[in-house]
Number of protein chains: 4
Amino acid sequence: MTGRNETASESPEKRRAILEQAIRTFAEVGFRSTDVQVIADRAGVGKGTVYRYFGNKEELFWATTFEVLERLERHMFAAMEGIEGARAKLRAAGLAHAGFLDADPQYLEIFVQDRAEFRGSHPESHQRYHEKLIARFVEIIEQGIADGELRPVDARETVLSFWGLLYGSVVHSCYAVHNYTLTELTRHSVDIFLKGIRAEVPQYEKEHMK
Amino acid sequence: MTGRNETASESPEKRRAILEQAIRTFAEVGFRSTDVQVIADRAGVGKGTVYRYFGNKEELFWATTFEVLERLERHMFAAMEGIEGARAKLRAAGLAHAGFLDADPQYLEIFVQDRAEFRGSHPESHQRYHEKLIARFVEIIEQGIADGELRPVDARETVLSFWGLLYGSVVHSCYAVHNYTLTELTRHSVDIFLKGIRAEVPQYEKEHMK
Amino acid sequence: MTGRNETASESPEKRRAILEQAIRTFAEVGFRSTDVQVIADRAGVGKGTVYRYFGNKEELFWATTFEVLERLERHMFAAMEGIEGARAKLRAAGLAHAGFLDADPQYLEIFVQDRAEFRGSHPESHQRYHEKLIARFVEIIEQGIADGELRPVDARETVLSFWGLLYGSVVHSCYAVHNYTLTELTRHSVDIFLKGIRAEVPQYEKEHMK
Amino acid sequence: MTGRNETASESPEKRRAILEQAIRTFAEVGFRSTDVQVIADRAGVGKGTVYRYFGNKEELFWATTFEVLERLERHMFAAMEGIEGARAKLRAAGLAHAGFLDADPQYLEIFVQDRAEFRGSHPESHQRYHEKLIARFVEIIEQGIADGELRPVDARETVLSFWGLLYGSVVHSCYAVHNYTLTELTRHSVDIFLKGIRAEVPQYEKEHMK
DNA sequence: AATGAATGAGCATTCATTCAT
DNA sequence: TATGAATGAATGCTCATTCAT
C-alpha cells in the first residue's frame, strides 16, 4: 500500500503528463541538471506526485528512456511494414530512425543522456527489450542471407554495426557544421552500408536509390 | 590555447598533472558528478590551483576534451603513416580509433560526456580543430576517388558517415552483451563500410580482410 | 477523553488496533521518525482513518502515552494488591515497574520519547492523571509515616524521588554495559531507597531482601 | 585533505561557537527538529562550515553530547574536590549534578535527546568516557566500604542506581507541578539514598543534613 | 464512515567558486 | 604563486495533512 503502485489507483493521464515533461526536461538540460520540481511544475502536479508515480529521479529517467525506446521501435517497425527484402527493410528502418530523431531532437538527447549517465547499465527490463529489438534485426539479416540478397556476414555483428552507424551518425553530427539534415546524412550512411553487404554489385546506376 | 591564462608563470608539470587527473575523474564519474576537489587531490595540488590554471570546471573539461581529441588524432594519423590507398588508410584509421578506445576506455567516456553535457557547443578552438580533422579525411576520400579506388561519393558526407560509424559502434556497443571486443566489432563495421564505397567489387574471397 | 471525537460512530477495535501499532511504531523509531502511513498499514486501516480517530500525529502520540501510562499503573497497583505495609508496597510497585518495562521495552521508549519531544507539556488530562497517580503514592507514604514504619519525610518529595529513581535507573541503564537485568538493578535501587526511609534500622542480616 | 579535519586548519573559536549554538538549538527543539541552518546562522558561519567542522548532523550532535558530558564531569569533580568521606562526596556530586542542570536546563535536554534518539548507541569514544566516569564513582564507593563508612553493597550496581536516581529525578521532575527546584528535590533524593547505604544508623537528629 | 491520492513545505547535504593569507 | 577555509545556492526526497470520492 505504501510502496510503488504500478497496479491501480493511478491516473494514466497524470502519468503520461509527467513522462512527457520528463522527456522534455531531461532532453533540455540533461539528467543531472534536471530539477524534479521543474518536471512537476510543467506537468502541473505536485513534486510528491512525481515521486509517487516514479519512485525517484533515476527510475523516472529509466521510464523516460523506455518510453522513447518504445516510440522509436514502433516508428521503425511501422516504416518497415509491408517492405520486402532485407536491404529495403534496413533502409526503411534507417530512414525512419533518422526521421524520428529529426522530427523530435528531444528523443536523441534522451539516448545520449542515458549513455552518458548510465553507461549501459539498465534495469533488467531494458536489457531484455533491447535484446528483443536486436533479435528482430538479426532475423532480417539472416533472412536476407538465406535469400541470397546479402553476403554471408555475421548477423549479430552486422546488426550492431548498423545500429552503431545510425546512432553514431546522429549523435556525432553535432560536431560538423550542418549543411545536411539528419535524414540526408543517414540516407548516405545507409546507402554506403547497404552496398557493402549486398551479395552482388550490379551497375551503380541501377542501384542509386535516391 | 584553450584555457585563459597566457600569463606564463605556470608550471607545465602541474598543468599536465591536473589534466591527467581530470581525464581520469571526468571519465570515472562524469562531468556533473565530478568534484573538482577530487581532481585537485589526485593531482597533488590545491583546489585553488586548479582554478588558477583552468578558470572553471567547464573550461577544465574543455581542456580535457581537447587533450583527448589531440591524442586520438595523433594515434590515428600515426597508424595511417606510410599506408597507401584510401581504403587502406581508412581501415587503419578505424582500427586505430578502436584500438585507442579499447586500450583506454576513459577516453571514450570523455567524448560521451562531452556530447551529453555540451551537445556540440564548444569553444571556437574546438570547432576549428574538428574541422581540420574532417578536412584531412575529406582529402583522403577525394584522393581515393581521383585514383578510381572509390566510387564518386560526396566526400564530406562520407567522412561524417565514417566517423559516425566509428563513434556509434563504440558508444552503442554497451547495449549489446559483449562477445566481441571493440576492435573486433570495428573491424567488421569498417569492413562493411569499405566494401560499400569501393569502386568495384571483385570476388569476395580476395577481399576478406580478416 | 484524550482524543477529539466524541462523535460516536467509531469502531473500538479499529481504535485499539491503531493505538497498538502506534505504540509499536513510536517505540521502534521515535516520534519524529514515525511515518503515520506505517501505523495505518500495520493497523490495517487507511491513513485517513488514523486522522479521523486521532486528529493528528501529536494527539495520536498523546493517546499512546496515556494508554501506556494506564497499563503501567494497572500493573503496579495490581502488584500492590493485598500487600501490607508501606515499604512492602513501594517495593512491590518498584519491582512491578521494572518488570513491566523489562517485559516490554517498547513501553519504556514511549516514555522516553514523550519526555524528549514534549518536555512534560501534556494535555490537561495527562496532568490530572499523573497528579492522581502521585497522590496515591503520597497516601501510601503518609500512611507509612503514620504507622511509624517510615521516618517523617516530606511525602510528595519522596514520591517524586522514588519515581525518579525508578525512571532514572531504567532509562539510564543503557549507558552501562549490561550484566544486570532491569529488574535486578531496580531491586538493588529500591533496596537502597527503602533502607533509607525506614524509621529504624535493624540488623542488616535480617534485612537483606535479595 | 578532503575529509574531516581534526588536525589543523580549523579555528577553535569557530568550532566553539558552532558547538555552543548546537547545544542551544538541540536543547531548544530537539535533535530531529533542529535545522542545521539555524545553528549556522546563530553561530555566524555558513552552513557549509558546520559540515566542514563536524561532518554531519549526527556527528555534530555527538560532539555536543560529549561536550556537555565533559562539562558536567568537570563540575561534579570540582565539587568533590577536597571533600572527605564517600557519603559526603556522593552528596556533593549529587548536588553539583542538580546545580549544573538547574543553572542551565539546556544541558539536561541534551541528555534527554541523546537517550531518546540514540538509545545508548554511541561512538566508541563516548562509551569509553562513560565507563571511566563510572569507574571513578565505583572507586569512591569501594573506598567508603573499605573505610566502614558504607555497608558492603555491590559498588557498580550502586553507582548505576545513584546515577539513575540523579538522572531520573531530574528528567522526571517535569511531570510534577514544580514547587521545588531541582536542587531541592535532589537534596532530598540524595539524602534518602545516603541514609540507605550507611554502615550504621545513628540518631536521625544528628543525621539530618538539611 | 473510510479511504488513499495529491500536495508542498521542510531539511540534510554537496560542491563550485572566491579570496584572504 | 599557491593554497584551502569559508560560503550558500541548489536539489533530491519525505511525510503530515487534506479532501474528493
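Numbers restart at 1 for each chain; the letters A, B, ... are given by sequence-line order, proteins then strands. Below, all heavy atoms of this structure are taken into account, side chains as well, without hydrogens, waters or symmetry copies.
Contact annotation for K47(A): base contact, defined as any heavy-atom pair under 4.0 Å involving a base atom. No engagement by S11(B) is indicated, since no non-hydrogen atom pair under 4.0 Å with the nucleic acid exists.
One atom, CG of N56(D), and another, P of dC11(E), lie 17 Å apart when rounded to the nearest Å. Rounded to whole Å, atom P of dT1(F) lies 14 Å from atom CZ of R15(B).
Proximity of R52(B) to the phosphate of dT3(F): no side-chain N or O atom is located under 4.0 Å from OP1 or OP2. Look at Y53(D) and you'll find a side-chain N or O under 4.0 angstrom from OP1 or OP2 of dA6(F). Dashed line: the shortest gap from a side-chain N or O of K14(D) to OP1 or OP2 of dA6(F) is under 4.0 Å.
Here the side chain of Q21(C) pairs no donor or acceptor atom with the backbone of I39(C) at under 3.5 angstrom.
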A correct dot-bracket answer for DNA chain E, with pairs being Watson-Crick or G-U at under 3.5 Å, [ ] for crossing pairs and | for inter-strand pairs, is .||||||||||||||||||||
Working note: L60(D) + Y53(D), criterion side-chain contact (heavy atoms from CB on, under 4.5 Å); need CA distance, chi angles, decisive distance, verdict.
CA-CA 8 Å; L60(D) 172 57; Y53(D) 276 70; over 6 Å; no
Where do R119(C) and V112(D) land on the side-chain contact (heavy atoms from CB on, under 4.5 Å) test, with the steps shown first? CA-CA 9 Å; R119(C) 291 113 197 273; V112(D) 170; over 6 Å; no
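Between T34(A) and T49(D), the one whose closest nucleotide on DNA chain F sits nearer the 5' end is T49(D). Comparing S33(C) and Q37(D) against DNA chain F, the residue whose closest nucleotide sits nearer the 5' end is Q37(D).
Aromatic ring orientation, H126(C) versus F66(C): tilted (interplanar angle from 30° to 60°).
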